[in-house]
Structures are given as structure tokens and as C-alpha cells.
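Heads up: the structure comes next, in C-alpha cells.
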Amino acid sequence: MKISMIGAGYVGLTSGAVFASLGNTVWVVRRDSEKIEKLKKGIIPIYEPGLSEIVKRNVKSGRLIPTTQYCECVPFSDVVFIAVGTPEGRDGADLSQVYAAAEEIARNLKKGFTVIVDKSTVPPGTAEEVTEIINKHKRAGARFEVASSPEFLRQGNAVEDTTKPDRVVIGVSSSKAANILVKLHKDLKCPVVITKVRSAEIIKLAANAYLSLRIGFIDQISDLCEKMGADVQDIIQGIGLDRRIGTHYWWPGMGYGGYCFPKDVKALAALYKASGQKNNLFSKLDELNEKRVERFALRISEKIGTLKGKQIGVLGLSSRPDTDDIRGSVPLNFIRILLRFGAKVKAYDPMAQENAKVIMGSDVEFLNNPYDVAKNADALCVVTEWKEFKKLDLKNIKKLMKGKVLLDSKDIYTPEKIKKLGFTYLSTGRT
Ligand code: NAD
């Protein structure tokens, strides 16, 4: 098939490259010509394991075509995906990029039938708004349907998640659009869930809110474990073997973060409120999550007296390992709180450092490796579970530090081993 992918970020570029690998011709569209020129040479603007290789391969074979121009691709496409950003807005998601993309798609639609698919995460009713925009701006003879097929990939694992998805959700109004989209996804060999358009839109928000809820739940259980002398990892094992619960996806720590979970929980909270209902679980979840990070700064402060003037080392700047994305970064929120309490912060991240520098500027001293961060630190905080941090020479780290507090917010170390080395160990939910 011929596909236009409007938006070539984490979602658009990965999906575009995977659809190209499956033998389709895919144009990936973004506005900045500098990044498009680089993409034409196979240089990707983000870090995502394995993505560079498939982009290079498909650009070279001519199946993946980067462009800044809708007119070069939309008129020739069977399917046009909208995969632009939907950042947090005042009352839910800010859909301005979706509306702008819809308008430009409309102006370039061919005569005949095109399926336009919202892949961006959007609230229910958006497909209808996009339909309205397209009807207003399209030329005569262009026929189309707006469908919804939300994306579920995880950054850091995007290629694998897109190549082998757990499921594909397709929200459509006609069997014609359903058939085209089922055919397009056929080679992914995964369950395809065909739904009403509004259901597909809610499925995405519900999935992210549920995953966030699991994090919020286990965060509170971990708080209890700390107070009661229990170990949250024992709890995870003990509850997880109940098949209704499962041992997977338990991440106690500083709360959920990243580009999607916080904004999608807020969007669902706003929707629930707008639907006139009270007792909003999603608002409460959001409120608890927002307050969570400070707790960790206070725990360090309790151990070292005060944070004012103290040297605090932070290892990890992205919310997840294997990504350079710092949108909604929990570690950066943590650093902001440390700075507010008067601490001096030194930090290191294997991939997200350059992006973090742009946001934090000279407020943070960025160093080139974990050992320089540890040097003379009153406390060292390991806050992202990068593989590199799991393999640290902690004996050496201990020698380099001035103080002995080690915060392991993602529980990547074994408490007994750490304590044996002489650290004052702070974890999440373990004593
Ligand atoms: P992103 O910011 O990485 O990419 C968005 C891209 O859209 C950018 O390349 C931007 O230049 C481009 N763009 C914006 N307006 C445009 C326009 N009018 N025409 C052409 N290009 C335009 O965002 P992302 O992380 O890829 O997320 C995209 C959507 O997918 C969001 O709705 C997000 O919530 C959702 N999503 C993201 C993830 C994730 O892990 N990042 C996972 C699932 C779903």
C-alpha cells in the first residue's frame, strides 16, 4: 500500500519504518527540513534502539521516503496516518497539531477514497472533529473516512513493540475502511480489535490510565512496606502469582512519568469531569503522582540533615532507560525539587544528557560518567534503570563519595550487598 505518515517522531518514524519493512511505500512527513534532510541520509533525530538500522535500510531501498511536503505524498496514498504530538493542554490534550495536520491533508486529498487514521492519542470525538475539518477544506470528488488506530509502543522498546504488537485496535465506521486497515496490519500477525471509532479513542486513554494506576497502586504499597519493615518485591511476587493480577508491570518508584502517562491520565480526568461525573479516580491518581517525587527528596534530607548546600549526584535523566526523551521526565522533576531545597546537583545519563542540558541549563552540572558524579557527593541517587547503572563498581563509588547515602529509587540493587559496602541505603519499598 501507499501510506503517508504525518509526524515523524517516536511514533510516526517507528511505525513508518515498520510499515515500510513490511513492503509498503511510506512517506514520513515532518515540518523541519533540516531533520528531513538528515533522515534522507538515514540519520534519525531521536535515540531508539534498532530504529536507525531499519530507517537506513528502508530509505536506501526507496520504501521509506522522508519529505516536508504533503503534496508529494497525500494525493498518492491509500492511507494517511496522523501521528503528530498531542501535548498536555489546559483541559485535556492540546489538539492543535492534529487540527493543523487535518487541514493540510484535506487540501491535498486525491479524488477517490482515502482512509485517514488518527494514530496520535486523542480524546473521543476527535475523529468527528477531524472529519469536519477535512470536509471544510477538501476539494470536490475527494472521498474519505476518518478512523482511529491508537499507538501502544513504549519508548526504548518501540521497534519491537511495533513489529510484534500485543494487538492492533482499529476504530472504524465502515467495513470498507476496516478491510483496508486489516489488510495493512495483516503481516504483523497479532490480534486485531475492530471497534467503534469512539471506543478506539477511549481504549488508548484507558490503557495508559490503567498502567499508571498499577504504578500508583504499587507506589502506595511500597510506602507501607517502608513503614512496616516489609519488602515490596515480596508483595509483588505474592500478589502477582494470582493470575487475575500477574507479576508483570509493577514499577514502584518516584511515580509514573514520560510523555504519555501523565498527560493521558490528566486527559481522562478532564473527560470524566466534563462528562458531569463526580468522584474522579483519574484526578486523584494524578494528584497523588504529582506529589510523589518530593517524598524522595525529603527522605534524603532526613538522612543528611539538610539538602541546602549539599552535593547530590543524580544518575538518570530520562524516565525510562533506552530513550533520550526527557518529556515529562520524573528525574528532572526530582532535580528541580533538590534545587528548590538548595542542593547542588551533578548528573549523568547515557543518552538523555544533551536534551536535559537544553532544559536545565547551568543549574545542573552535567558530567561524563557516573564516577565523576559520585565524587565528593553527599548522596548519590540512581533514578533510571539503565543497564550501565546496574553494573556500577559500587565499592569504588563508595570510596569516591563524601557521604554514604545511596538512593536506589528503581530497586535495581540488592539491599544486603549495598549495606555490606557501608552505604546508607534508601530504596523504594524495601528496608
Ligand atoms: P513527537 O513529538 O516525537 O512527534 C511528533 C511529530 O509530529 C514531530 O516530528 C513533529 O515535527 C511532527 N508534526 C507536528 N505537527 C505537524 C504537522 N502539522 N505536519 C507534519 N508534522 C508535524 O511525538 P510522539 O512521541 O511520536 O507522539 C505522537 C503521538 O503518539 C502523541 O499523540 C502521543 O501521545 C502518541 N503516543 C506516543 C507514544 C510515545 O511513547 N512517544 C506512545 C504511544 C502513543
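Just the heavy atoms: all of them, side chains too, but no hydrogens, waters or symmetry mates, feed the values below. Keep in mind that this is a model prediction, so the values were computed, not measured. Numbering starts at 1 and runs along the sequence shown.
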For [X], give me all partners under side-chain hydrogen bond (donor to acceptor under 3.5 Å, both in side chains), at least two apart in sequence or on another chain.
X	answer
Glu37	Lys40
Thr384	none
Arg430	none

(request) Any chance you could measure Lys56, atom NZ, to Leu51, atom CG, to the nearest 0.5 Å? (result)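 One finds 10.5 Å between NZ of Lys56 and CG of Leu51.
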(request) Would you list the pairs meeting ring-ring contact (aromatic ring centres under 6.0 Å, His included) in which at least one residue belongs to residues 107-139, sequence neighbours left out? (result)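 Residue pairs passing ring-ring contact (aromatic ring centres under 6.0 Å, His included), neighbours aside: none found.
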(request) Write out all pairs satisfying ring-ring contact (aromatic ring centres under 6.0 Å, His included) with one or both partners inside residues 181-204, taking only residues at least two apart or from two chains. (result)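 Applying ring-ring contact (aromatic ring centres under 6.0 Å, His included) to every pair that reaches into residues 181-204, excluding sequence neighbours, yields Phe19-His185.
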(message) Could you work out, with ring-ring contact (aromatic ring centres under 6.0 Å, His included) as the rule, every residue matching Phe366, not counting sequence neighbours?
(response)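 Once residues adjacent in sequence are excluded, Phe366 has no partner under the ring-ring contact (aromatic ring centres under 6.0 Å, His included) criterion.
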(message) Quick one, Trp27 with Met5, criterion side-chain contact (heavy atoms from CB on, under 4.5 Å). Give me CA distance, side-chain angles, the key distance, then yes/no.
(response) CA-CA 6 Å; Trp27 289 271; Met5 187 65 70; over 6 Å; no
Does the cation-pi check pass for [X] over [Y], that is, NZ or CZ under 6.0 Å from the six-membered ring centre and within 45° of its axis?
X	Y	answer
Arg107	Tyr70	no
Arg214	Trp251	no
Lys419	Phe423	no

(request) For the pair Glu226 and Arg299, find out whether any cationic side-chain nitrogen is under 4.0 Å from an anionic carboxylate oxygen. (result)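 Yes, Glu226 and Arg299 are salt-bridged.
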